[in-house]
Amino acid sequence: IEQPTFPKITEMCVKMIRRVNDEEGIKKLVNETFQKLWFTPTLHHDKEAMTRKILNITDVVAACRDTGYDWFEQLLQNVNRDDTHSQRSMQQQRVLVFRSSLNRRFKTPSSRQLIGLAITPPSSLTREMSSAQGGTLLGETQNDFMVICNVAKILELVVPLMEHPSETFLATIEEDLMKLIIKYGMTVVQHCVSCLGAVVNKVTQNYKFVWACFNRYYGALSKLKNQHQEDPNSTILTANKPALLRSLFTVGALCRHFDFDQEDFKGNSKVNIKDKVLELLMYFTKHSDEEVQTKAIIGLGFAFIQHPSLMFEQEVKALYNNILSDKNCSVNLKIQVLKNLQTYLQEEDTRMQQADRDWKKVAKQEDLKEMGDISSGMSSSIMQLYLKQVLEAFFHTQSSVRHFALNVIALTLNQGLIHPVQCVPYLIAMGTDPEPSMRNKADQQLVEIDKKYAGFIHMKAVAGMKMSYQVQQAINTCPQDPVRGFRHDESSNALCSHLYSMIRGNRQHRRAFLISLLNLFDDTAKTEVNMLLYIADNLACFPYQTQEEPLFIMHHIDITLSVSGSNLLQSFKE
């Protein structure tokens, strides 16, 4: 029998992993298969067999990248829960990957391995980290960048767990991270500053080292600001644009992970660093160059994670709301503002989860409700400020803007920061988006709201239908053609079919919804004719399940025609 090749094995593994949430019998079979295949210790510590297992695991992780890691993570949780031997075996394998990656000096093959390594339980790597103290983080080629980012992430998780790491090892990490921050691009800088934050804040407390780095970039920004104020058209500024972009990004990234208003950094100085940074970054958001504006907004987003209260500042509110509401504003700036809000909400969620874990350790001495209320109260107030403009971003012609707006709303709803009823019409509208991923996300949010608050969807259904027409108008590539209410594919489904399927189960709600739509055709409603076409398309293509549903509509159409139809004919005759 021909031995299956690595790609075939990977493909089979991926297919099996996707069955990890099936019925109990299949789930048990999948868990047992992978426990034997991956997590059973090799005989006589056979390194070749171990390496084959490792490559298979990392290949499967890489293959899961497009579809998401949910199934893979579920498998690991299941196997970990089932057997302690598998946990030890998994840790041994990950340590082997880590060692081989360090030995190979970050050549391309190990980048794939390190991506798989990133989901390791950090505690299992601490011993290996100590033995790798002579290593260095510096990359040599473009291919190294992905590896550097993954190693930085691993160090960020592992170093704080190490017992008594040597000073030389810690100093080497700090110096290498600083070299990378100074030398490389945005992605590397972001990962390295995050790693430096973990090392300095949790282990070395080497605040002077970070303060010197911050002053270097803050000083450069101040100097460039003064030059720009003196002569906005100066050639020096054009020549220094790369330094300006790097300084804006790096100052923001450092402010995200370090609170420079602490005495450890600025000593006895009375200067308010966060206000100074805000003033400096806000200055460059008014720059004529869009690239400079974008980097300044990125920097602001980072700073707001450390100091969320800055988002209440009048000039920040004006900046964010103007960018989101101005139809002529650059798409890149809109997306960046939405990304800033998304990152802030994600970080807040992480903080809340960490606070929850910390509370469990000292449950008797602390009041969890009080801890959570302070943080969630801030997030809720912030989202109330920007909610209307974020929701209005659903009506943008660019799908990328709608995508990030939907992400922000989904995070806001999942964290319970706003009352969901105000979002329902917008989510109904986004349920008609041409992109399946966005449709599904919006529909899922509606399902969750309907579970918790019965009747909310029905209450806002007609408003949602009208709003969905506005979304379709915004994304219509041929303005001269009327917007149609069904999908132009084989299915010819109504655009609002998911909304109807949610209401259909309750006869009273269904009939009230259908009559409300039919009433829009009344002369007194004065609905524009293109919207009536859109609603008629939806009514014609809704996913009806019983004869009673379309017959109910036909009956009411007959009644309407008998009255308004004869009046209309009479008007033409006259």
Side-chain angles (χ1 to χ4, degrees), residues 54-55 57-59 61-62 65 69 94-120 122 124-126 128-162 165 168-204 206 209-210 213-214 216-217 242-243 245-254 256-258 295 298-299 302 343:
I54 293 160
L55 287 172
I57 293 171
T58 52
D59 281 342
V61 172
R65 189 184 306 161
Y69 298 111
R94 295 307 177 80
V95 166
L96 247 167
V97 182
F98 186 69
R99 180 185 289 149
S100 65
S101 303
L102 287 173
N103 290 344
R104 292 179 196 180
R105 290 280 302 134
F106 310 142
K107 300 299 179 213
T108 308
S110 64
S111 65
R112 178 186 60 184
Q113 295 172 339
L114 278 161
I115 293 163
L117 181 64
I119 53 175
T120 304
S124 66
L125 290 171
T126 53
E128 201 59 32
M129 285 301 311
S130 300
S131 66
Q133 288 178 11
T136 178
L137 275 179
L138 295 182
E140 294 160 1
T141 68
Q142 187 70 31
N143 290 335
D144 292 341
F145 294 164
M146 186 67 179
V147 184
I148 290 169
C149 292
N150 279 289
V151 172
K153 185 66 184 170
I154 293 163
L155 289 170
E156 182 183 335
L157 294 168
V158 171
V159 172
L161 300 176
M162 293 173 67
T168 312
F169 171 59
L170 294 171
T172 304
I173 287 180
E174 286 180 341
E175 286 166 19
D176 284 350
L177 287 169
M178 195 57 72
K179 286 174 188 172
L180 290 166
I181 290 165
I182 292 165
K183 186 177 178 183
Y184 290 114
M186 279 201 306
T187 309
V188 173
V189 169
Q190 206 169 334
H191 280 83
C192 290
V193 171
S194 183
C195 181
L196 189 66
V199 172
V200 172
N201 288 328
K202 296 176 183 177
V203 185
T204 65
N206 190 359
F209 182 71
V210 179
C213 175
F214 171 76
R216 169 183 179 155
Y217 287 107
L245 296 175
R246 177 174 287 280
S247 298
L248 287 167
F249 186 85
T250 310
V251 163
L254 287 166
R256 174 178 180 171
H257 295 283
F258 300 97
K295 283 290 188 294
I298 291 172
F302 286 151
T343 310

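- Taking 4.5 Å as the limit, every side-chain heavy atom of H191 sits out of range of all side-chain heavy atoms of E156.
- Although no hydrogens or angles enter the test, the distance criterion places a donor-acceptor pair under 3.5 Å between the side chain of T172 and the main chain of T168.
- Smallest separation of non-hydrogen atoms from C195 and A152: SG-O, 3.4 Å.
- With N201 contributing its side chain and H257 its backbone, the two residues share a donor-acceptor pair below 3.5 Å.
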Apply side chain to side chain contact (heavy atoms under 4.5 Å, CB included) to residues K202 and L161 and explain how you reach the verdict.
CA-CA 9 Å; K202 296 176 183 177; L161 300 176; over 6 Å; no

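- How far SG of C192 is from CD1 of I173: 11.0 Å, rounded to the nearest 0.5 Å.
- The CG atom of L180 sits 9.0 Å away from the SG atom of C149 when rounded to the nearest 0.5 Å.
- Atom CD1 of I148 is separated from atom OG1 of T187 by 11.0 Å, given to the nearest 0.5 angstrom.
- A distance of 11.5 Å separates CG in L155 from CG in L196, rounded to the nearest 0.5 Å.
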For residues 246-254, dump all side-chain donor-acceptor pairs below 3.5 Å to protein atoms at least two apart in sequence or in another chain.
residue: R246; atom: NH1; partner: I181; partner atom: O; Å: 2.8
residue: R246; atom: NH1; partner: I182; partner atom: O; Å: 3.3
residue: R246; atom: NH1; partner: Y184; partner atom: O; Å: 2.9
residue: R246; atom: NH2; partner: K183; partner atom: O; Å: 3.3
residue: R246; atom: NH2; partner: Y184; partner atom: O; Å: 2.7
residue: S247; atom: OG; partner: A243; partner atom: O; Å: 2.8
residue: T250; atom: OG1; partner: R246; partner atom: O; Å: 2.7

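- When the side chain to side chain contact (heavy atoms under 4.5 Å, CB included) test is applied to T204, the partners found at least two apart in sequence or on another chain are L170, E174, V199, V200, N206.
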What's the verdict on side chain to side chain contact (heavy atoms under 4.5 Å, CB included) for D176 and K179, showing C-alpha distance, side-chain angles and the deciding distance?
CA-CA 5 Å; D176 284 350; K179 286 174 188 172; 4.2 Å; yes

